[in-house]
Amino acid sequence: MGFFNNNYAGILEWERIDNQGDGSPQYLSRAKVYGGWLVSIIQNASMGGNGLTFVPDPEHQWIFPNKDFDSKKSEYLQDYKKRKE
């Protein structure tokens, strides 16, 4: 499956992620993609400071709030790396 071919008709559905604390980004969102999530960060809309990253989560287990996932994320990442080898 390729992201840039005519057979892929996917639509990114962005979900806002609530966050808090000093220095927290103004806008934080995620979109489910093949193999995990795209996470978009806009630090401050008027001053800039944008970022986009991929978070591996092949089974899309990142659910809000999910303390179980947070406590086991290193285990999930190791398992993900083994499957890629």
| field | Partners meeting salt bridge (charged side-chain N to carboxylate O under 4.0 Å, His left out) with Glu13 (sequence neighbours left out) | value | none
| message | Strictly distance-based, threshold 3.5 Å: is any side-chain N or O of His60 a donor or acceptor partner for the main-chain N or O of Tyr34? | response | no
| message | Which residues pass the side-chain hydrogen bond (donor to acceptor under 3.5 Å, both in side chains) test with Gln78, not counting sequence neighbours? | response | none
| query | Got a sec, which residues hit side-chain contact (heavy atoms from CB on, under 4.5 Å) with Leu52, two or more places apart in sequence or on another chain? | reply | Trp14, Leu38, Ser40
| query | Rounded to the nearest 0.5 Å, what separation is found between the CZ atom of Arg30 and the CG atom of Asp57? | reply | 8.5 Å
| remark: Value for NZ (Lys32) from CD (Glu15), rounded to nearest 0.5 Å, stands at 9.0 Å
| Heavy-atom side-chain contact between Trp37 and Trp62 under 4.5 Å | yes
| remark: Across all chains, not counting sequence neighbours, the side-chain contact (heavy atoms from CB on, under 4.5 Å) partners of Leu28 are Ile17, Asn19, Pro25, Val39, Ile41
